[in-house]
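What you see is a predicted model, and the numbers here were worked out from it, not measured in a lab. Letters A, B, ... mirror the listed sequences (proteins, then strands); counts begin at 1.
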Amino acid sequence: MPEVRLGDLLVSLYDLFGWGLSEIGLNPSVVSILQKLVAAFILTNFCLLTPLLTIWLERKVSARFQDRLGPNRVGPFGLFQGFADIVKLITKEDITPAGADKTVFNIGPVIAVASVVGIWAVIPFASTMVGTDINVGILYSVAVGAIGTLAIMMGGWASNNKYALLGSFRTVAQLVSYEVPMIIALLIPTLLAGSMSMNTIVQEQQVWFVVAAPIAALLFLISSIAEVGRAPFDLLEAESEIVAGFHVEYTGMKFGVWMLAEFLHAFTICALTAVVFLGGWRGPWVDQYPLLGVVYFLTKTYFVSMIMLWIRVTVPRVRIDQMNDLNWKFLVPLSLVALVVTALVDKSIPVDFSIGSRSLILFLANMVIVVATLLVLRGISRKEQAAQSELQAEVNSI
Amino acid sequence: MTASQIFFLLFASATLVAAYLVVTVRNLIHAALWLVASLLGIASIFVLLDASFMATVEIVLYIGAIAILIVFAVMLTRRVMEDVGPQRTNTWWFGAILAILFFASASTLIWLTQWPTLPEGDVGNTVLILGKSLVDPSKYVVPFEIASVLLIVALIGSIAVALPSKQSE
């Protein structure tokens, strides 16, 4: 019988479950398949239930930002509001619009959720708790996330509605183009860790990568907010412009599933940021008690999700031309410069330097890029202002 | 039959069925979606070959970019979404003969070639091996660089084509 360690309780339970099954006399390969199925079932349920908490948190926090109370009737502090909403959504009439492509219409939300849940397979909760530690973890998370884009297009097209189709078109313009700075920003931690495996990236962060690559962290956060399609990048469901975008025809729980996919994707992006830039499960005493890693990881994830909320409730929605300009004229060039500078500086630091001084040098290099960027931006805006005041002077003289 | 053989047969037949549906369904969007399914099947065959990098790149590039652009382009042609014309032309037999000839020659070649087999057990970090051989002068650095230059040329070319001409302003 395997030893039960309190510091690594969940993994011990996993081992114990496997031991129990093999005691019944099951084939070892069948045992490992059953073990993985149960673990995957628990992980998926964790994913699908988390939005209940994050939606409540989002309502409550954005209410505080706007000087309101937020949900406060159902349960303590309105904690059970989400359950009430689910009951409401389930009892609503389920309408499939006439002329809709039924199969595609119904598959759309399912693929959207599946693509997000798939990302969690490679996210390390603790050093010992990771679904599967494949050597292309980061690329996999981008790849699976890209399928979500397809799901949104399917839903928007199958609804047989002009507004939904417009939402889908915006999706392509936004999600596909913001993938470029996101992937380049992810290349920088890959370069620093020397691996694409999530667990190795966490292990390499004796000093968090947010110190050695602050620009990459910021770029990743901005482009992934755009990738999720949340404010200020919620052009795909801009109520004032295209009603509700791609999910305008969805009713009842099908609409709920779209919301679930969106909120879970937002939470997943926060988890990815925590893993790649904030040291994932790293923290004090994590070597003796790996279970503590889960606490550290979730704390960091919720911290990032607070930052995302803060951005969401303070920044107004960008226009579609601003959205494209920001990506192609600012984020992509900046990410390329940051990548080249990081690669050159990292290669030119002598090997015998300690990890701390290495991070410090990289941090300073990043600060040089920030100052240079700000100077360039100031030059551009001054030129624009000069042109504008010239125009104004011309108008005045007439 | 081992488990991986069963999985190979499953994925291969799913890929073939999806590929057949790509060319036979009448709705253009459905054809594009079946194309996505068939690309997913190919990615899963890469997974069975332990080529994890190829599998993820297949999904990122072909599904994440190319298939989505195809769907996007098809959506812009909403009027002609449903193809009502006949699915065969008068010269279909000529095409069929060509296809059979090509299939026969390709399958003979595949049959006759001595394919290297996957080494048993752990093959090591495939991504590392792939990355190193792409920048190794004795391996693939020249094709790799030529491909990058070609892509840059295509990029600049597409910008040049899309750029509004000075005279029209």
Side-chain angles (χ1 to χ4, degrees), chain A residues 29-30 32-33 99 101 103-105 107-108 111 115 118 122 132-154 156-158 160 162 164-173 175-177 179-180 182-183 186 190-191 194-197 200 227 328, chain B residues 2-4 7 21 25-37 39-40 43-44 46-47 50-78 81-82 122-132 135 155 159 162:
Chain A
S29 59
V30 177
S32 93
I33 288 175
D101 195 319
T103 334
V104 181
F105 185 78
I107 294 177
I111 293 183
S115 74
V122 294
T132 168
D133 194 24
I134 52 177
N135 55 10
V136 286
I138 279 198
L139 195 62
Y140 168 87
S141 71
V142 175
V144 175
I147 297 177
T149 315
L150 191 72
I152 293 182
M153 299 199 64
M154 285 166 73
W157 172 78
N160 192 27
K162 286 277 189 297
L165 198 64
L166 276 176
S168 295
F169 286 165
R170 289 185 172 195
T171 313
V172 183
L175 271 60
V176 175
S177 54
E179 234 163 56
V180 177
M182 186 171 133
I183 292 181
L186 281 176
T190 309
L191 186 111
S195 171
M196 282 197 280
S197 134
T200 317
E227 192 74 12
W328 293 109
Chain B
T2 63
S4 70
F7 278 118
L21 285 168
V25 291
R26 282 180 173 268
N27 190 319
L28 271 174
I29 291 276
H30 289 177
L33 293 177
W34 280 115
L35 180 69
V36 169
L39 290 170
L40 261 181
S44 46
F46 276 129
V47 171
D50 264 343
S52 50
F53 184 73
M54 292 304 289
T56 41
V57 165
E58 173 97 14
I59 295 177
V60 173
L61 283 187
Y62 284 90
I63 298 177
I66 293 175
I68 287 183
L69 281 184
I70 291 176
V71 175
F72 186 53
V74 172
M75 276 183 186
L76 286 171
T77 60
R78 196 164 174 85
M81 200 84 76
E82 202 73 34
D122 193 18
V123 283
N125 194 341
T126 48
V127 185
L128 199 70
I129 301 168
L130 181 74
K132 282 201 169 148
V135 289
L155 202 69
I159 292 172

Could you list the donor-acceptor pairs under 3.5 angstrom formed between side-chain atoms of residues 135-143 of chain A and any protein atom two or more places apart in sequence or on another chain?
residue: A:Asn135; atom: OD1; partner: B:Ser52; partner atom: OG; Å: 2.9
residue: A:Asn135; atom: ND2; partner: B:Asn125; partner atom: OD1; Å: 3.2
residue: A:Tyr140; atom: OH; partner: A:Gly118; partner atom: O; Å: 3.1
residue: A:Ser141; atom: OG; partner: A:Ile138; partner atom: O; Å: 2.6

Side chain, backbone, both or neither of A:Leu150 within contact of chain B (heavy atoms, under 4.5 Å): both
Note: vs chain A, highest number of non-hydrogen pairs under 4.5 angstrom among B:Ile59, B:Val57, B:Ile68 is B:Ile68
Among all residues two or more places apart in sequence or in another chain, which pass the ring-ring contact (aromatic ring centres under 6.0 Å, His included) test with A:Phe105? A:Tyr250
Which bit of B:Leu33 is near chain A, if near means a heavy-atom gap under 4.5 Å: side chain, backbone, both or neither? side chain
In short, A:Gly156 meets A:Ser168 closest at the heavy-atom pair CA-OG, 3.1 Å
Which heavy atom of B:Gly64 sits nearest to which heavy atom of A:Ala146, and what is that distance? CA-CB, 3.8 Å
